[in-house]
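Residues: numbered from 1 along the sequence shown.
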Amino acid sequence: MAHVRTYRSKVKVGNWTEDELLQKDAMQEYLEKKEKGELYVQKIDLLRQNMLQPVNLSVTTDGDVHFGDVVMLVNVGAGNRDRSAVSIDADVNSLMSAPSPSIPVSCGVSAGRTIQPCTRTAFIVTSVDGNPDGSVLHFEQRFALRTLSGFAKGLYLTSDMRSFQKCAKKSHLQEVYLDDSESFLSCWKIVHLDPLERLEHEGLPVPANVEVLIVHCKTNQALAVLGDQVLWTTFGKEYEVTAHTFLDCHKLEEENNHWVLSTSDPAGNGLVLLNRQQ
């Protein structure tokens with residue numbers, strides 16, 4: 001009968017004083033973290049609230065892309081891969097709290113399947129050679145893609161040649177990430193989708209809401225989304241984004257490399273791309 005308890009539940013047995021002190025310390029630590037906003041649940045709410053803040057994309061009246069335009073990089077999808085947009089992939093544990101809440105100065109990107117203009121998916125077409133905002137972007141002209149200021153910190157879409165220490169997580173191809181420094185690693189160019197017309201279109205304005213190739217200037221690799229490489233982020237199941245040119249048997253770039261610089265509808269009816277597909 002040794003297993004039968006012969007005392008009431010309120011009777012204190014064992015090292016009860018230490019247990020009470022540990023409970024008080026744990027509760028005090030919890031209350032301090034809650035007051036500072038350092039709880040995991042609070043960090044997730046902060047990240048989602050700021051990242052999913054709606055953003056007004058630029059409206060193009062002449063049908064072209066201009067420096068200073070706020071656009072989304074959308075891949076229309078093919079086969080088993082859904083339509084997706086390049087998105088900021090910030091880790092909850094790496095959020096910066098001082099001097100103001102923001103993402104870290106270097107973080108990854110992914111392709112989210114939610115096509116929603118927000119802080120997470122908006123990029124600013126930025127000049128790297130002194131062109132003023134409002135001037136037209138041309139084919140084969142170098143430019144940079146920068147996130148919004150504030151919580152997104154105005155980081156540049158960057159890539160570099162892959163190595164054993166630096167490559168994509170899943171595919172181990174050339175990594176694409178966000179960095180706070182503007183350099184040759186953050187320079188991209190727009191290439192016409194049809195190889196037979198690239199020479200003719202060189203120097204012409206880049207049309208908005210039309211499929212094109214976004215090529216990294218240093219490595220000459222095209223921006224790509226991988227439908228068979230899935231990343232689980234704070235925002236759900238998303239695709240991996242790399243810089244790699246996928247060619248078919250005819251030496252044509254596959255749908256993984258096809259991107260649309262999406263803008264808003266002048267009539268205020270959402271995105272031009274979505275309205276066309278409907």
Open item on the list: Could you check whether Glu29 pairs with Lys33 (Lys NZ or Arg NE/NH1/NH2 to Asp/Glu carboxylate O, under 4.0 Å)?
Closed with: yes
- [ ] Quick one: pull up CG in Asp194 and CD in Glu253 and give me the separation to the nearest 0.5 Å.
- [x] 9.5 Å
Open item on the list: Checking side-chain polar atoms at under 3.5 Å, does Gln174 have a donor or acceptor matched by the opposite partner on Ser159?
Closed with: yes
Task: Flag side-chain contact, heavy atom, 4.5 Å: Leu213 against Leu193 - done: yes
Task: Asn75-Arg81 side chain donor-acceptor pair, cut-off 3.5 Å - done: yes
Task: salt bridge (charged side-chain N to carboxylate O under 4.0 Å, His left out) evaluation trace for Glu238 with Lys170 - done: CA-CA 12 Å; Glu238 299 183 344; Lys170 293 283 188 177; over 6 Å; no
- [ ] Could you check whether the rings of Phe139 and His201 sit parallel, tilted or perpendicular, using 30° and 60° as the cut-offs?
- [x] perpendicular
- [ ] Of all the heavy-atom pairs spanning Met72 and Thr121, show the shortest one and how long it is.
- [x] CG-O, 3.6 Å
Task: Other ILVMFWY residues reachable from Val136 by side-chain steps of under 4.5 Å - done: none
Open item on the list: Would Lys166 and Tyr177 count as a cation-pi pair here, with the cationic atom under 6.0 angstrom from the ring centre and within 45° of the axis?
Closed with: yes
Task: Considering all heavy atoms, the nearest His138-Pro205 contact - done: CD2-N, 3.7 Å
Task: Side chains of Trp259 and Glu211 in contact at under 4.5 Å (non-hydrogen atoms) - done: no
TODO: Compare every heavy atom of Ser102 with every heavy atom of Gly150, then report the nearest pair and how far apart it is.
DONE: O-CB, 4.2 Å
Task: Pairwise distance OG(Ser87) to OH(Tyr239) - rounded to 0.5 angstrom - done: 12.0 Å
Open item on the list: How close do Thr119 and Ala152 get, counting heavy atoms only, and between which atoms?
Closed with: CG2-CB, 3.9 Å
Open item on the list: So for atom CG, which belongs to Leu31, do other residues, nucleotides or ligands contribute more than 12 heavy atoms lying within a distance under 6.0 Å?
Closed with: yes
Task: Heavy-atom side-chain contact between Val71 and Leu57 under 4.5 Å - done: no
TODO: Among residues two or more places apart or on two chains, list those pairs meeting salt bridge (charged side-chain N to carboxylate O under 4.0 Å, His left out) that have a residue in residues 100-119.
DONE: Asp82-Arg113
- [ ] State, yes or no, whether a side-chain contact exists between Val74 and Leu261 at a heavy-atom distance under 4.5 Å.
- [x] no
Open item on the list: Within this structure, what is the SG-CG distance for the pair Cys167 and Leu173, rounded to the nearest 0.5 Å?
Closed with: 8.5 Å
- [ ] Answer yes or no: is there a side-chain heavy-atom contact under 4.5 Å between Val191 and Glu140?
- [x] yes
Open item on the list: Is any side-chain heavy atom of Leu223 closer than 4.5 Å to one of Val176?
Closed with: yes
- [ ] Quick one: pull up CD in Glu197 and CG in Leu204 and give me the separation to the nearest 0.5 Å.
- [x] 10.5 Å
Open item on the list: Please check if the number of heavy atoms outside Phe184 that lie under 6.0 Å from its CZ is greater than 12.
Closed with: yes
Task: Cluster link Phe123 to Val241, ILVMFWY, side chain under 4.5 Å - done: yes
Open item on the list: With a sphere of 6.0 Å drawn around CG of Asn80, does it hold more than 12 non-hydrogen atoms of other residues, nucleotides or ligands?
Closed with: no
Task: Any side-chain heavy-atom pair of Ile124 and Leu145 under 4.5 Å - done: no
- [ ] List the atom of Cys118, the atom of Val55, and the distance in Å for their closest heavy-atom pair.
- [x] C-CG2, 3.4 Å
Task: Linked, directly or transitively: Ile190 and Phe67 (ILVMFWY side chains, under 4.5 Å) - done: yes
Open item on the list: For Lys218, is there an ion pair with Asp160 - N to carboxylate O distance below 4.0 angstrom?
Closed with: yes
TODO: Check whether more than 12 heavy atoms from other residues, nucleotides or ligands sit under 6.0 Å from atom CD of Glu35, and answer yes or no.
DONE: no
- [ ] Give, for atom CZ of Arg142 and atom CH2 of Trp188, the distance between the pair rounded to the nearest 0.5 Å.
- [x] 14.0 Å
Open item on the list: Are the side chains of Phe246 and Leu226 in contact, using a 4.5 Å heavy-atom criterion?
Closed with: yes
- [ ] Could you tell me the separation between the NZ atom of Lys34 and the CD atom of Gln42, rounded to the nearest 0.5 Å?
- [x] 7.5 Å
Task: Asn56 atom CG, over 12 foreign heavy atoms within 6.0 Å - done: no
